[in-house]
Amino acid sequence: MPELPEVETVRQGLARWVTGRQIGAVEVRHPRAIRRHLPGAAHFADVLAGRTVRDARRRGKYLWLPLDSGDALVGHLGMSGQLLVQPVGAPDELHLRIRFRFTDDGPELRFVDQRTFGGVAVSTGGAELPREIAHIARDPMDPEFSDAGFVAALRRRRTEVKRALLDQTLISGVGNIYADEALWRAGLHGVRPTDALTAPAAQRLLGHVRDVLGEAITAGGTSFDALYVNVNGESGYFERALNVYGREGEPCRRCGTPIRREAFMNRSSYSCPRCQPRPRTAAPRG
DNA sequence: CCTCATTCCTGCGGGC
DNA sequence: TGCCCGCAGGAATGAG
């Protein structure tokens, strides 16, 4: 599942392989992939044809390509989206949704997405920070991210700490996997109330979030292929560096206690029962 | 404004 | 063997 590190790997690939190139024919093969582009598929292709890609940027899990028109091609990979750079004529992927050709007849860009939670759109809301992304908080790898602001905002919330980490309007880029990993590093259970965290504890948690994201970006970079702009979350980093996510019943790498899995928002949370005890003050449920 | 449940989607694997 | 169902999960949306 693409979270910030995977999206950053994609961004780096786009910056290298797409920046400076002029878009040609655009083929929308599945309307759901452009459902956020309200004027529809024909308009989408029309406004992109002839435009030159100026850059590849990211905030949290969102990507955008500023164009020479002043607009931007905005995208989100959702659960299963990929942006691939493929030679013209390479066999279509089973779940190919959009094909972007370039006027130089070089490798084409493909949006491939099995579960179609992802999508792209042309934003006329500015190339610097498209309005479709403006409601998302800065991510912790952003040089202008405010640690003090985050700590204060987190402690003002009246919710559980894992829910807060997943709230993209508070801090962006963190998904279920890296939230669990950061909480394990911090020794905090995800249901801890945010308003009971001390400022130093919140700052330590933020440090762990930043650490785990940074390490994953580094690992993602090592698996980057020269041709494929790869969302390759399952390789490398995932297999060797995850401490809790997906490790139910396996020993905690810190204390040996079997990792537990708990239901959380129609999905799962993984934690160490000993390193991350449930808070005694947690509100009773049920 | 804030918090939270619901909904979108498809491949996979377990159970029977 | 084959069917059914649960699960994976980011974020928009609307309810309260």
Side-chain angles (χ1 to χ4, degrees), chain A residues 1-11 29-38 58-64 74-83 93-98 111-121 123 125 130-140 149-150 152-183 190-197 209 213 216 231 233-234 238 242 244-249 260-270 282-286:
Chain A
M1 284 60 71
E3 299 181 31
L4 187 151
E6 293 74 38
V7 178
E8 172 59 19
T9 300
V10 172
R11 188 202 65 77
R29 318 231 324 174
H30 195 302
R32 190 170 152 77
I34 56 145
R35 66 192 180 282
R36 303 284 172 209
H37 188 87
L38 301 181
R58 179 190 56 74
R59 171 175 284 198
K61 305 170 201 172
Y62 275 93
L63 286 165
W64 73 99
V74 178
H76 195 290
L77 301 177
M79 294 298 305
S80 54
Q82 296 175 293
L83 284 165
E93 292 76 10
L94 176 61
H95 301 293
L96 174 64
R97 308 304 189 193
I98 305 174
F111 180 67
V112 178
D113 191 8
Q114 177 207 113
R115 277 175 275 186
T116 69
F117 276 42
V120 297
S123 172
R131 82 167 69 86
E132 289 81 352
I133 304 175
H135 68 291
I136 298 296
R138 291 184 188 277
D139 64 65
F150 168 76
L154 180 73
R155 298 177 69 223
R156 277 198 300 270
R157 290 292 178 97
R158 303 189 65 82
T159 187
E160 298 168 353
V161 63
K162 182 169 177 180
R163 287 175 181 272
L165 287 179
L166 297 178
D167 184 342
Q168 305 297 300
T169 67
L170 182 65
I171 180 173
S172 67
V174 181
N176 200 39
I177 295 172
Y178 294 111
D180 279 1
E181 294 298 311
L183 288 166
V191 303
R192 289 274 292 262
T194 47
D195 58 356
L197 286 179
V209 169
L213 293 177
V231 181
E234 281 77 39
F238 273 68
L242 291 185
V244 283
Y245 186 83
R247 296 192 64 236
E248 182 183 16
R260 72 183 154 200
R261 179 166 70 97
E262 296 171 292
F264 170 76
M265 292 172 71
N266 294 325
R267 57 205 69 175
S268 296
S269 285
Y270 297 88
R285 291 173 187 288

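Here the structure is a predicted model, which is why all the values come from computation and not from measurement. Every chain is numbered from 1, with letters handed out A, B, ... down the list of sequences.
Put simply, A/H95 has a side-chain N or O that comes within less than 4.0 Å of OP1 or OP2 on B/dG11. OP1 or OP2 of C/dA8 lies within a sub-4.0 Å distance of a side-chain N or O belonging to A/R261.
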Short heteroatom pairs, N/O only, protein and nucleotides 2-5 of chain B, under 3.5 Å:
from: B/dT3; atom 1: OP1; to: A/R158; atom 2: N; distance (Å): 2.7
from: B/dT3; atom 1: OP2; to: A/R157; atom 2: NE; distance (Å): 3.2
from: B/dC4; atom 1: OP2; to: A/T159; atom 2: OG1; distance (Å): 2.7

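Between A/L63 and A/L83 there is a side-chain heavy-atom pair separated by less than 4.5 Å. Using a 4.5 Å cut-off on side-chain heavy atoms (C-beta onward), A/H76 and A/V7 make no contact. Between A/D195 and A/R155, every side-chain heavy-atom pair lies at or beyond the 4.5 Å cut-off. Within the 4.5 Å cutoff, the side chain of A/K61 has heavy atoms near those of the A/Q168 side chain. Within the 4.5 Å cutoff, no side-chain heavy atoms of A/Y178 are placed close to those of A/L4.
Between the side chain of A/S268 and the backbone N or O of A/R261, no donor-acceptor pair lies under 3.5 Å.
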Worked verdict on A/R32 versus A/D113 for salt bridge (Lys or Arg N to Asp or Glu O under 4.0 Å)
CA-CA 10 Å; A/R32 190 170 152 77; A/D113 191 8; over 6 Å; no
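Rounded to a whole Å, the CZ atom of A/R97 is 13 Å from the C1' atom of B/dC8. Put simply, CG on A/L94 is 11 Å from P on B/dT10, counting in whole angstrom units.
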Once base and sugar-phosphate atoms are separated, protein heavy atoms under 4.0 Å mark nucleotides 10-16 of chain C, 5' to 3', with B, S and - as BSSS---
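Considering CZ of A/F264 and CG of A/N176, their distance stands at 7.0 Å, rounded to 0.5 Å.
Looking at heavy-atom distances under 4.0 Å, A/S268 makes contact with sugar-phosphate atoms alone, never a base.
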